[in-house]
Amino acid sequence: MTDPGTRPTGAAATAVADAGGSAGEREVRRSTRSGMVGLAGAAVNGLLGFVLTVVIVRGLGPAGSGAMFTAIGVVAIMGVLCCAGADTALVWALPRRRTGRDGDAARLLPVALLPALLFTVVVAMTGVALSGALAPVLFDPGTREGADLLRLAFAGLPFVVATTVLLAAVRAVRPVAALVAVQYVFVPAARPALVSAALLAGAGVTVAFAGWLAPIAVAVLVCVALLARPLGLGAGAALRPVGADWRTLWGFALPRAASATIDASSMWLTVLLTAALADQAEAGIIGAVGRYALAGLLIMQGLRVAVAPQLSRLLGQGRTGEAALVYRRITAVIITLSWPGYLLLAVFAPGFLRLFGAEFTAGAAAMVVLAGAMMVNSGTGIVQTLLLMSGSSGRHLLAAATGLLLNVALAVLLIPPHGALGAAVAWTVGIVAENVIATVAARRVVGEPLITRSVLRAAAAAGTATAVLATAGAAVAGRGVAGLFLTLGVAALLGVALLLHPGVRRRARATAPTLLGRGPS
């Protein structure tokens with residue numbers, strides 16, 4: 001056995017280095033395989049989310065879509081609040097437990113689910129009772145269905161919370177494809193279909209919102225079926241928790257509860273503030289702009305859900321170098337895929353918004369501002385996940401709370417005179433502050449460099465190439481729909497030309513085995 005106080009030398013040092021490098025590369029390949037599935041799911045989810053937004057804004061107009069976005073915002077904010085961080089706690093804790101009939105992982109399921117559901121039922125009953133009083137605060141005075149929307153939103157909360165917690169368990173113990181199938185394909189595919197059916201039948205906002213909620217109830221049953229085998233449910237697995245289970249899970253979850261509410265509700269908080277401080281039409285505009293801005297984050301979300309359990313396992317085993325390597329590789333991919341889209345959003349904001357209708361082009365300046373904020377957000381990659389999977393939910397809460405305070409304070413000042421643009425500026429300041437604080441905290445906790453030259457090179461390449469192409473397209477055909485499609489067409493032609501180049505094809509063939517996990521180990 002090597003003395004822990006000495007360093008191996010010669011052949012021993014080479015063997016140790018090779019073993020460490022091989023382990024790190026295996027972890028990167030594993031994260032890449034999972035990430036590719038997550039990216040595919042994110043692409044489908046993004047497309048279906050865009051379809052849903054088009055259905056809502058085209059079918060209901062600015063005021064009607066503002067009302068529906070407000071109801072969805074209530075569900076988003078209250079749903080995450082009622083989960084109380086239990087979903088993220090399961091993603092962190094389950095990969096560190098033994099699964100199967102003889103394992104101790106199943107004991108965490110009632111620890112996470114029962115308190116969250118009990119709290120949710122109390123909140124839902126209170127919300128239904130107070131819907132009539134809350135409606136004038138959140139909706140324009142002329143919105144006749146405001147109280148009905150709120151009653152439906154609160155009544156659906158228990159199903160939303162149960163699905164969120166169970167999906168987190170699926171994410172932790174099943175391959176990522178199972179999560180993608182439910183959260184990224186089934187639910188987002190069913191929503192536009194049901195909302196469209198309601199609108200085509202001549203129904204109002206309330207029935208359309210019921211169509212948005214309905215797939216959640218089915219998702220609960222699917223999640224239970226997916227968890228039965230890996231957790232040993234019904235096969236003798238112990239479900240009665242011990243005291244340490246409660247302390248472990250809720251010691252992590254409670255700080256995460258507040259930060260999760262802030263993270264997941266950032267857009268909807270902005271919509272609600274805009275509705276309250278400006279009007280429903282401005283809320284509809286910022287809702288449409290926010291949909292575009294958050295669409296690019298689906299790439300990061302797809303990769304995050306794929307690698308979070310892996311990061312928890314590595315950090316739990318003290319393998320911080322390998323965790324940092326996975327983080328850097330994933331962040332470079334996020335920047336490469338996200339930054340071109342955000343630069344196009346900024347340059348061709350009028351063209352993108354024109355697809356929703358001429359009245360939404362008033363949000364072009366707000367989209368430019370938010371596109372810059374999301375470049376910062378995606379530029380720090382999955383730093384928030386890295387921080388959470390290290391167990392530092394308290395530090396993450398500090399970052400999220402700082403961003404929230406800045407967002408709300410500036411919103412109160414800027415929304416009344418500037419509407420959607422003021423909301424975008426306030427939201428941007430909050431996003432930038434949260435990501436900077438989280439990055440500094442993660443660097444200290446992990447103790448490994450996070451932003452290296454490889455990440456900076458990816459940012460420079462993606463940003464420069466897209467900026468040149470988009471500027472040229474706008475100069476020739478303007479920033480509207482014509483300039484947008486011209487730029488996309490030129491980008492497609494350049495992509496095909498690059499793939500025809502022998503050198504590019506050789507590099508792609510050399511890289512593919514590593515991406516698919518068949519490289520040397």
Side-chain angles (χ1 to χ4, degrees), residues 42 80 88 255-256 258-270 289-290 292-305 307-308 311 323-324 326-339 341-343 345-346 366-390 392-411 423-446 448-452 454-456 458-460 462-463:
V80 177
T88 308
R256 174 56 180 158
S259 64
T261 304
I262 296 168
D263 288 344
S265 63
S266 58
M267 171 182 164
W268 301 115
L269 176 63
T270 299
V289 169
Y292 270 125
L294 293 179
L297 295 185
L298 289 172
I299 294 171
M300 183 161 63
Q301 180 65 16
L303 292 168
R304 174 186 291 134
V305 300
V307 303
L311 287 175
V326 170
Y327 164 82
R328 291 192 294 267
R329 196 72 63 91
I330 292 296
T331 298
V333 173
I334 291 170
I335 291 172
T336 302
L337 297 178
S338 298
W339 277 27
Y342 283 125
L343 285 168
L345 277 180
M367 181 176 283
V368 173
V369 173
L370 276 179
M374 295 305 171
M375 289 181 69
V376 174
N377 199 349
S378 57
T380 59
I382 55 171
V383 69
Q384 316 255 11
T385 303
L386 185 66
L387 187 59
L388 284 168
M389 292 302 104
S390 71
S392 302
S393 54
R395 297 185 188 220
H396 185 267
L397 173 58
L398 174 63
T402 303
L404 173 68
L405 290 174
L406 289 170
N407 183 4
V408 173
L410 289 173
V425 172
W427 189 8
T428 293
V429 173
I431 289 170
V432 173
E434 178 181 347
N435 279 275
V436 170
I437 295 171
T439 301
V440 172
R443 174 66 176 86
R444 290 177 178 174
V445 169
V446 176
E448 298 283 344
L450 301 181
I451 306 299
T452 59
S454 62
V455 176
L456 295 175

On a heavy-atom basis, the closest approach of Leu345 and Tyr292 is CD1-O, 3.6 Å

How far apart are the closest heavy atoms of Gly290 and Trp427, and which atoms are they?
CA-CZ3, 4.1 Å

Roughly how far apart are His396 NE2 and Leu386 CG, rounded to 0.5 Å?
11.0 Å

Nearest non-hydrogen partners of Thr331 and Gly381, listed with the distance:
OG1-CA, 3.6 Å

Between Val445 and Leu387, is any pair of side-chain heavy atoms under 4.5 Å apart?
yes

State, to 0.1 Å, how close Ser378 and Ile335 come at their nearest heavy-atom pair, and which atoms those are.
O-CG1, 3.8 Å

Would you tabulate the side-chain donor-acceptor contacts of residues 432-444 under 3.5 Å, counting partners in other chains and residues two or more places apart, or write 'none'?
from   : atom 1 : to     : atom 2 : distance (Å)
Glu434 : OE2    : Gln384 : NE2    : 3.3
Asn435 : OD1    : Thr380 : OG1    : 2.8
Asn435 : ND2    : Ile431 : O      : 2.8
Thr439 : OG1    : Asn435 : O      : 2.8
Arg443 : NE     : Glu448 : O      : 3.4

Does the side chain to side chain contact (heavy atoms under 4.5 Å, CB included) test come out yes or no for Leu410 and Val425, once each step is laid out?
CA-CA 8 Å; Leu410 289 173; Val425 172; 5.6 Å; no

Rounded distance (nearest 0.5 Å) linking atom CZ of Arg328 with atom CD1 of Ile451
9.5 Å

Nearest heavy-atom pair of Ala462 and Trp339: which atoms, and what distance?
CB-CB, 4.3 Å

Ignoring hydrogens and geometry, is there a side-chain-to-backbone donor-acceptor pair from Tyr342 to Gly372 under 3.5 Å?
no

So which heavy atom on Ala346 is nearest to which on Val368, and how close?
O-CG2, 3.3 Å

Passes side chain to side chain contact (heavy atoms under 4.5 Å, CB included), Asn377 versus Met300? Steps please.
CA-CA 10 Å; Asn377 199 349; Met300 183 161 63; 3.8 Å; yes

